Amino acid sequence: MTRGVKKKANMLREKKAQIVSDLADDLSRSTIIIATNYQGLLAKQMADLRNALAKAGIGYHVVKNTLAYRAADQAGKPHLRDIIEGPVALAFGYHDAVNTVKTLNQHVKSSALSLQIRGGLLEDRILLPEQLTILASLPPREVLISRLLGQLQAPVGALHNL
């Protein structure tokens, strides 16, 4: 091998190592990861999707499977391998898991994208596409908390009225 070829191979190896490191960081910080099949999307549709998700604080990256597998192992999320197959893009939700799924779902529906959701990883639990749809239909976190507080206060109110 010539010196130029070796240097190029080393640079490529370093670039891949950096991609894996960045991806592992995203995986470890994420509360939910959603795997999608992006095939069939035009470049403009992909850019619009990325922008809409970025406004909601959600990362969206097309990843090579082998690099995603390495990053999943580094981040301690080996279950991610179960939802990655074929060409895949990952959505990373860093805060509210329900909001992440809702935002992705709403954009796909409103834009009539041919984006297929393959599954998700919530903490260490694999979610099927149907489960992600159910998660997207939940009310916002604040509404759930206020409902819970209302239910907890109901018995106290009933005792007070006796």
Side-chain angles (χ1 to χ4, degrees), residues 1-138 140-141:
M1 234 191 253
T2 65
R3 189 182 305 181
V5 173
K6 284 183 181 180
K7 186 176 180 181
K8 194 172 186 176
N10 284 337
M11 287 176 43
L12 186 59
R13 224 177 273 122
E14 290 172 8
K15 185 176 180 181
K16 285 182 180 180
Q18 184 61 46
I19 291 170
V20 169
S21 176
D22 292 344
L23 192 54
D25 181 54
D26 283 340
L27 290 172
S28 63
R29 291 185 304 121
S30 300
T31 55
I32 188 166
I33 302 145
I34 303 168
T36 64
N37 180 352
Y38 63 90
Q39 284 185 313
L41 292 184
L42 301 173
K44 182 179 180 347
Q45 291 172 320
M46 182 67 96
D48 290 344
L49 175 62
R50 279 193 174 119
N51 289 335
L53 294 177
K55 285 179 185 173
I58 302 165
Y60 190 74
H61 308 287
V62 173
V63 296
K64 288 187 126 192
N65 295 359
T66 53
L67 300 181
Y69 294 154
R70 288 181 192 161
D73 290 340
Q74 273 187 19
K77 298 198 179 201
H79 300 303
L80 187 65
R81 290 175 170 260
D82 298 337
I83 60 172
I84 294 179
E85 184 180 313
V88 69
L90 299 175
F92 301 96
Y94 302 106
H95 303 291
D96 185 8
V98 174
N99 186 47
T100 301
V101 179
K102 275 186 181 192
T103 304
L104 179 62
N105 221 15
Q106 286 172 350
H107 186 77
V108 169
K109 284 182 181 178
S110 68
S111 304
L113 296 179
S114 61
L115 188 81
Q116 177 190 5
I117 295 177
R118 292 194 176 155
L121 183 66
L122 181 62
E123 301 299 328
D124 288 332
R125 183 173 179 218
I126 298 290
L127 298 176
L128 300 173
E130 303 82 34
Q131 292 170 313
L132 288 169
T133 303
I134 292 168
L135 194 61
S137 67
L138 287 176
R141 183 174 190 257

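All values derive from a computational prediction rather than experimental measurement.
- When the side chain to side chain contact (heavy atoms under 4.5 Å, CB included) test is applied to A72, the partners found at least two apart in sequence or on another chain are L27, L80.
- Residues passing the side chain to side chain contact (heavy atoms under 4.5 Å, CB included) test with S21, sequence neighbours excluded: none.
- Listed by chain and number, the residues in a side-chain hydrogen bond (donor to acceptor under 3.5 Å, both in side chains) with D73 are R81 (sequence neighbours excluded).
- Applying the side chain to side chain donor-acceptor pair (under 3.5 Å) test to residues at least two apart or on different chains, the pairs with a partner in residues 52-62 are T36-Y60.
- Checking side-chain atoms of S111 against main-chain N and O of V108 turns up no donor-acceptor pair under 3.5 Å.
- H95 NE2 to R29 CZ: the interatomic distance, rounded to the nearest 0.5 Å, is 8.5 Å.
- L23 contributes atom CG, which lies 9.0 Å from atom CD of Q74 (distance to the nearest 0.5 angstrom).
- A donor-acceptor contact shorter than 3.5 Å links the side chain of T31 to the backbone of G93.
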Which donor-acceptor pairs under 3.5 Å do side chains of residues 120-133 form with protein atoms, sequence neighbours excluded?
residue, atom, partner, partner atom, Å
Q131, OE1, L128, N, 2.7
T133, OG1, P129, O, 3.1

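- Checking V63, I84, V20 one by one against Y69, the side chain to side chain contact (heavy atoms under 4.5 Å, CB included) holds for a single residue, I84.
- Here the straight-line distance linking atom OG1 of T100 with atom CD1 of I58 works out to 4.5 Å at 0.5 Å rounding.
- With sequence neighbours excluded, no residue forms a salt bridge (Lys or Arg N to Asp or Glu O under 4.0 Å) with K15.
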